[in-house]
Structures are given as C-alpha cells and as structure tokens.
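Take a look at the structure below.
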Amino acid sequence: MKKYSSLHLFHAVATFCLILTGLLLYSQNFRGTLADLRIYLRYSHIISGGVFAITSAAYIRLITMNWQRCAHQNNRKIMNLVFIALATGVFLTGALLLFKVDLEMTTGISTLNWHKGLAALGVTAVLYHVQAGFWQSASNPEKLGNADEGLQTNRRIFIRWAAAVGALLGGGATFNWLLGGAGKNVPQGTTKRFKDCNKMTPQPVPGLGSLPPAGGGYKGEFEVFTVTEIPCVNSDSWQFRLFGLVDNPFMLTWKQFLEIPRKVQISNFYCITGWTVYDVTYEGIPLERLFGTVGVKPQARYVKFYSSDGLYTSALSLKQARMEDVMLAVLMDGKPIPSDLGGPVRLIMPQMYGYKGVKWVSAVELISEPYIGYWESRGYENDAWVTDKQS
Ligand SMILES: Nc1nc2c(c(=O)[nH]1)N[C@H]1C(S)=C(S)[C@@H](COP(=O)(O)O)O[C@H]1N2
Ligand SMILES: [Mo]
C-alpha cells in the first residue's frame, strides 16, 4: 500500500508537469521573441512525457496485478481502462510528434491535433478522477449518522452525475474542436474573410498595370489558410530582413522596403486542397532583384522564408527562387494585401501550390542545405509544381 501511494504521488507530479507544460505550449504565448523559451518548454514537456510514460507503465502493472481484486468495482475498471487508453494515445502521438511522423495523410487529422485532442480528453478524465477522490476522502473520515449518510449519498450521486455530464461536455467540445481544426481564430481554410488589422503607413502606391488591375480583377475566391492566428503588424515595428549566405545582409523598415522598385504580373493562385483563383494582378519585388543587391555567396543553394506568425516557414531552391515570376508581393489588384491574405508582404510563387506562398513574410535567409518547411514536414512535396495549369 505504501508503494502504491508513493507511486501515485510520483505519477500525479509527472502528470501535473506534463499538463502544465502542455498548456503553456498550447497557449501560443511563446512565439516570436519568446520563441527561445518555447524550445525549453518543449524539452520540459518531452521530459515530463518520458517520466509520465515510466510512471504510467509502473501503474498499469500494478493495476493489472490487482485486476481480480477489484472485480466487484466496475466503475473503477472502466476508469482504469479509460486512463490506460488515453495515456497510451497521448504518449504514442507525442512520440510520433517527436519523430516528425504526420498522421494527416492517413487519418485526415494532424498528429498534433490528435495529441491535443487526446490530451484534452485525458485532462477531463484526470479532473473527474481528482474530484471523485476529493469527495471520497471528504466523506470518509467521520462516520455519519444514518440520516446524514442518506443525504450525503444523495449529494454524492448528484455530484457524480454532474461531473460525468461535465466530463461528457468537455469531451464533446474536444472532439468538435479536434475535427474542426485548431481553434476559433485559426482558419485551416475558410471562405470567411477577416477584417484587415494591419496599420501600414504610407500605403504603397500602385504602379502602371496594377490599378486598374491589368488582369481585370481576380476571378474566384481565396480561402484564408493559416496555422496560427492572423498576425497584425504596423509600419513602426515592421521589419524585413535578408540574411544568411550573402555578402551584405540587410534589414529594412517599411518605408525603405517600399522604395525598392516593384513589377506587376498576372498569375493564378492554386491551393493543393483544390481551389484556384485566376488572373490575380500582383505587384511586388522580384526576389531576383533583392538577391542582386546583397551579393549571394557561392555556397548559397536554397532560400528559406520566415513569417511574422513565428511558426510558418517554407523554402525554395535558389534556382526556383530566381524564376522571374517569384516575388514578394505588396499589392493585389492594385490594393494592399489585407492581413488575412498574408499582407503586408507575402511570397508569390505562381508555378507552385499555395503552401509555398508564405504569408506575412518577415525574413528571407540564404542557406546551403535544403530546408523542409511547415507543410512539407507534414507530408507535402518539397517541390510543389502545379502540373495542370489550365486557365
Ligand atoms: N504564414 C503562413 N503562410 C501560409 C500558410 C499559413 O498557414 N501560414 N498557408 C499556406 C497555404 S496552405 C495556402 S493554400 C496559402 C493560402 O493563402 P490565402 O490564405 O491567402 O488564401 O497560404 C500559404 N501560406
Ligand atoms: Mo494550401
């Protein structure tokens, strides 16, 4: 029994650390400038996960050894099975995340969302377990008189039911969220549009062919895709950095960025999920033009793009990035690109699928080795050529 209670304590502490670090990671507060902290948080979470796996394994052994003894307690048995299933699920999806295996291709739900969903169910189960234990210990110490006991039992039954209903609601919300994407402000693809939250002054002045748009205005509908909340920026704090394997790396303010000559082009926008927008008139800075000013070092072979959302990245080979229609766009159909579609500056790579078109581009780095971006590391092709370009 002694062994049992100290194991219970260890397990509780490991579970608590795991939940705490998990919630902090989930809170999205550790992005951008706090990104370094996030790395340590992630390590702590992984280590807690390892400890949790060990204490869980010890626990499961104890439970199975005592399985016969609690033969009469069906509730307990069910709860134990639920715990075992959730702990196993959380651990396995955590391990898959650690080794960068994505389930999206096979299950339609990313490993991260499975992990978060199962964890949320796990937390619900833990809360239920904790409250059950609380009421049990609260009613045990003093033996109450008969009348009181009846009352006590009624109350306990009521609370049990309330907790069960609460847990069910929690679980339902979890599944709803699991199947519906990552969260309320995080569209994984929606035709709903969002209010432009960027505050950029001065506004870029459209050049010839940009307004009125030479393409006659785009045809179709953009779906807003983002794996984070939509970042909002203003021209005072906005910066653009070009660095890495170049002779003269630079950092530009919005005003300086607007001084670089832009060009106008008409192109289609293809998302790999099946939607296309035709004849978009983009005005932006060809990447090749930027490369010309910084002196690309001979070791540079790839180009990595960063987003001010602090999470999304993608990359092109230097050769691809130098294609004449690859640009950092600031205007679309003669108007500033709104924040939900990646403004103030987004990458346009018309000959590849949209996931290459990093939104809210904040920095470009020249590197020597291939880099695998956000969706690419989740199973999408690194070379995202659109093959059937009918228009
Ligand atoms: N920063 C960032 N850029 C991104 C994405 C994202 O989630 N975050 N999604 C990509 C995907 S999958 C597509 S299809 C396009 C969608 O562009 P839109 O939201 O302007 O329609 O943006 C790409 N660039
Ligand atoms: Mo996409």
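Every number for a ligand or one of its atoms is a count from 1 in the order of the listing.
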Original post:
For the residue pair Y218 and Y278, is the inter-centroid distance of their aromatic rings smaller than 6.0 Å?
Top reply: no

Original post:
Any chance the rings of W375 and Y355 have centres within less than 6.0 Å?
Top reply: no

Original post:
Would you say I272 and L316 are hydrophobically clustered, going by side-chain heavy atoms of ILVMFWY under 4.5 Å?
Top reply: yes

Original post:
So, is G357 polar-close to ligand 1, with some N/O to N/O distance under 3.5 Å?
Top reply: yes

**OP:** State the atoms of ligand 1, each with its element, that fall below the 4.0 Å cut-off from a heavy-atom position in D309.
**Re:** 1 (N), 2 (C), 8 (N)

Original post:
Hey, does W275 sit under 4.0 Å from ligand 1 if you only count heavy atoms?
Top reply: yes

Original post:
Considering only heavy atoms, does L341 approach ligand 1 within less than 4.0 Å through its side chain, its backbone, both, or neither?
Top reply: both

Original post:
Side-chain donor-acceptor pair under 3.5 Å between S339 and D196, yes or no?
Top reply: yes

Subject >> Heavy-atom pair with the smallest gap, counting every atom of A315 and F305 >> reply: CA-CD1, 4.2 Å

Original post:
Hey, does G342 sit under 4.0 Å from ligand 1 if you only count heavy atoms?
Top reply: no

Original post:
Taking heavy atoms and a distance under 4.0 Å, where does Y312 meet ligand 1: side chain, backbone, both or neither?
Top reply: side chain

**OP:** Report, in ascending order of atom number, the atoms of ligand 1 lying under 4.0 Å from any heavy atom of W375.
**Re:** 12 (S)

**OP:** Check ligand 1 against E223 and write out every atom of the ligand that is under 4.0 Å from a heavy-atom position of the residue.
**Re:** 18 (P), 19 (O), 21 (O)

Subject >> For V227, atoms of ligand 1 separated by under 4.0 Å from a heavy atom >> reply: 7 (O)

**OP:** Check whether the ring centres of Y371 and Y302 lie less than 6.0 Å apart, and answer yes or no.
**Re:** no

Original post:
Quick check: does C271 get an N/O under 3.5 Å from an N/O on ligand 1?
Top reply: no

Original post:
What do you reckon, does K359 have a nitrogen or oxygen under 3.5 Å from a nitrogen or oxygen of ligand 1?
Top reply: yes

Subject >> Ring center gap for Y312 and W360 short of 6.0 angstrom >> reply: no

Subject >> Proximity of F269 to ligand 1 by residue part, where a heavy atom lies under 4.0 Å >> reply: side chain

Original post:
How close do N382 and K356 get, heavy atom to heavy atom, and via which atoms?
Top reply: O-NZ, 2.7 Å

Subject >> Distance, nearest 0.5 Å, that separates CH2 of W254 from CD of Q239 >> reply: 13.5 Å

Subject >> Ligand-residue contact atoms, ligand 1 with S307, heavy atoms, under 4.0 Å >> reply: 1 (N)

Subject >> Sub-4.0 Å atoms of ligand 1 with respect to non-hydrogen atoms of V224 >> reply: 19 (O)

Subject >> R346 touching ligand 1 at heavy-atom level, < 4.0 angstrom >> reply: yes

